[in-house]
Enquirer: 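Before we start, here is the structure in question, set down as structure tokens.
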Amino acid sequence: KRIVIKLSGKVFGADGAGTLKDYASLLLRISKIRQPIIVAGGGSIARHYINNARSSGADESTLDEMGIEISRLNARLLICALGDKAYPHPPTTLQEIKQAADGGLVVVAGGLYPGQSTNGTAALVAERVGAAEFLNATDVDGVYDMDPNKHKEAKMLGRIELGRLQEMLIQEGAAAGGHDLMDIVSLKTIERSRIRTRIVGADIKTLEKAIRSSVVGTTIVLPG
Ligand code: U5P
């Protein structure tokens, strides 16, 4: 059985290689029960490139391509940490991801196509490899009933209807580098293929718990 994990770009930030080694050993432990297929986010480095080029007047799809390149570099960092247990480079198409996954190694990809975020890509990857589950490992532990930065009484939800999540996210734009919890492509994809999806924290302890137990994070409830 396969598990697709979108790893927040934050994981690849300035913390040094030690952190990635920890993620790599987690993934190797997990690979004994599930084959992990990872999609690396772009994080603040992608945002730096995107904002810089946008202020030079670059168009949005060019900015998306820069974001994709950074997410692939992030993917390569994790591939280095995994060594020969990983497919040796970030696949660049869904076809290549499927072929790589069929080879049995841990696969680490970045983004694929302009116009979406790595969340959308990860959902498409989950669809293509027939993943048993899709975990969106992000900066927050899950979805809250109100903005936890503004409201102390905000509560994390164990489950959220897909439609409600869509309403919450509709305010966010689709500009390059936009911070989406889940983008439109990811919501459409998990809906059409009924992919089990959870939003969970990306810190290593939470992620390990989330992989081992289905009660961690926020489960997206699909309609019908
Ligand atoms: N991006 C794409 N397509 C992908 C993945 C990423 O265009 O498949 C671009 C977007 O501009 C995105 C940025 O905002 O790279 C960094 O990815 P993320 O960290 O926002 O997911």
Side-chain angles (χ1 to χ4, degrees), residues 1-12 17-43 68-113 116-138 182 185-186 189-190 192-214 216-217 219-220:
K1 276 192 174 175
R2 291 170 173 161
I3 184 167
V4 169
I5 305 171
K6 150 71 204 290
L7 257 191
S8 164
K10 225 179 185 173
V11 168
F12 304 89
T19 321
L20 282 180
K21 273 283 174 205
D22 292 342
Y23 280 95
S25 57
L26 168 61
L27 293 175
L28 294 180
R29 285 199 300 282
I30 293 308
S31 66
K32 304 207 164 66
I33 48 168
R34 290 264 173 104
Q35 183 188 12
I37 316 290
I38 309 301
V39 177
I68 291 169
E69 288 188 68
I70 299 298
S71 62
R72 286 184 183 154
L73 275 175
N74 283 343
R76 291 186 66 174
L77 286 178
L78 184 57
I79 290 169
C80 289
L82 284 159
D84 60 11
K85 302 289 191 295
Y87 187 75
H89 66 94
T92 56
T93 63
L94 284 173
Q95 281 182 8
E96 192 191 353
I97 288 177
K98 175 70 164 68
Q99 275 174 357
D102 288 350
L105 292 169
V106 178
V107 181
V108 191
L112 295 180
Y113 316 117
Q116 61 199 51
S117 74
T118 49
N119 295 314
T121 292
L124 289 167
V125 169
E127 184 176 69
R128 180 62 64 100
V129 303
E133 194 174 21
F134 166 33
L135 293 185
N136 181 8
T138 181
M182 295 287 286
V185 174
S186 70
T189 305
I190 66 169
R192 74 178 183 182
S193 294
R194 305 202 64 77
I195 298 166
R196 272 181 67 194
T197 303
R198 259 186 302 154
I199 296 167
V200 302
D203 66 279
I204 200 141
K205 282 197 179 130
T206 308
L207 184 59
E208 175 146 25
K209 270 191 220 142
I211 295 168
R212 295 185 188 281
S213 151
S214 61
V216 177
T219 297
I220 299 178

Enquirer: Rounded to the nearest 0.5 Å, how far does CG of L82 lie from NZ of K21?
Expert: 8.0 Å
Enquirer: With sequence neighbours excluded, what pairs up with T118 under the side-chain hydrogen bond (donor to acceptor under 3.5 Å, both in side chains) test?
Expert: K6
Enquirer: Is a donor on one side and an acceptor on the other found under 3.5 Å between the side chain of S193 and the backbone of I190?
Expert: no
Enquirer: Run the side chain to side chain contact (heavy atoms under 4.5 Å, CB included) check on I3 and K1 step by step: do they pass?
Expert: CA-CA 7 Å; I3 184 167; K1 276 192 174 175; over 6 Å; no
Enquirer: Mind checking what makes side-chain hydrogen bond (donor to acceptor under 3.5 Å, both in side chains) contact with E208, not counting sequence neighbours?
Expert: R29, R212
Enquirer: Got a second to check how far Y23's OH is from L77's CG, nearest 0.5 Å?
Expert: 13.5 Å
Enquirer: Say you draw a straight line from CG of L135 to OG1 of T206; how long is it, rounded to the nearest 0.5 Å?
Expert: 12.0 Å
Enquirer: According to salt bridge (charged side-chain N to carboxylate O under 4.0 Å, His left out), who are the partners of R198, at least two apart in sequence or on a separate chain?
Expert: E133
Enquirer: To the closest 0.5 Å, what do you measure between CD1 (I68) and OG1 (T92)?
Expert: 10.5 Å
Enquirer: The criterion is side chain to side chain contact (heavy atoms under 4.5 Å, CB included); which residues satisfy it with A137, sequence neighbours excluded?
Expert: I5, L7, V200, A202, L207
Enquirer: Going by the rule salt bridge (charged side-chain N to carboxylate O under 4.0 Å, His left out), which residues pair with D203 if we only count those two or more places apart in sequence or in a different chain?
Expert: none
Enquirer: Who are the side-chain hydrogen bond (donor to acceptor under 3.5 Å, both in side chains) partners of T121, not counting sequence neighbours?
Expert: Q116
Enquirer: Return yes if some donor-acceptor pair links the side-chain N/O of T138 with the main-chain N/O of N136 below 3.5 Å, else return no.
Expert: no
Enquirer: Looking at residues at least two apart in the chain, or sitting in another chain, which of them share a salt bridge (charged side-chain N to carboxylate O under 4.0 Å, His left out) with R194?
Expert: none
Enquirer: Decide yes or no for M182 and I220: does some side-chain heavy atom of the first lie under 4.5 Å from some side-chain heavy atom of the second?
Expert: yes
Enquirer: Provide the closest heavy-atom pair for G42 versus I70 in the form atom of the first, atom of the second, distance.
Expert: O-CG2, 3.8 Å
Enquirer: If you measure from CG on L94 to CG on L112, what distance do you get to the nearest 0.5 Å?
Expert: 5.5 Å
Enquirer: Once salt bridge (Lys or Arg N to Asp or Glu O under 4.0 Å) is applied, what residue pairs with a partner in residues 77-87 remain, sequence neighbours excluded?
Expert: none
Enquirer: Which value, rounded to the nearest 0.5 Å, describes the distance between L27 atom CG and I38 atom CD1?
Expert: 4.5 Å
Enquirer: Please name all residues satisfying salt bridge (charged side-chain N to carboxylate O under 4.0 Å, His left out) with R2, sequence neighbours left out, ordered by chain then number.
Expert: D102
Enquirer: Give every residue pair that meets the salt bridge (Lys or Arg N to Asp or Glu O under 4.0 Å) criterion with at least one member in residues 122-131, sequence neighbours excluded.
Expert: E127-R192
Enquirer: Output all residues satisfying side-chain hydrogen bond (donor to acceptor under 3.5 Å, both in side chains) with S186, sequence neighbours left out; order by chain, then residue number.
Expert: D183
Enquirer: Tell me the ring-ring contact (aromatic ring centres under 6.0 Å, His included) pairs involving residues 82-112, sequence neighbours left out?
Expert: Y87-H89
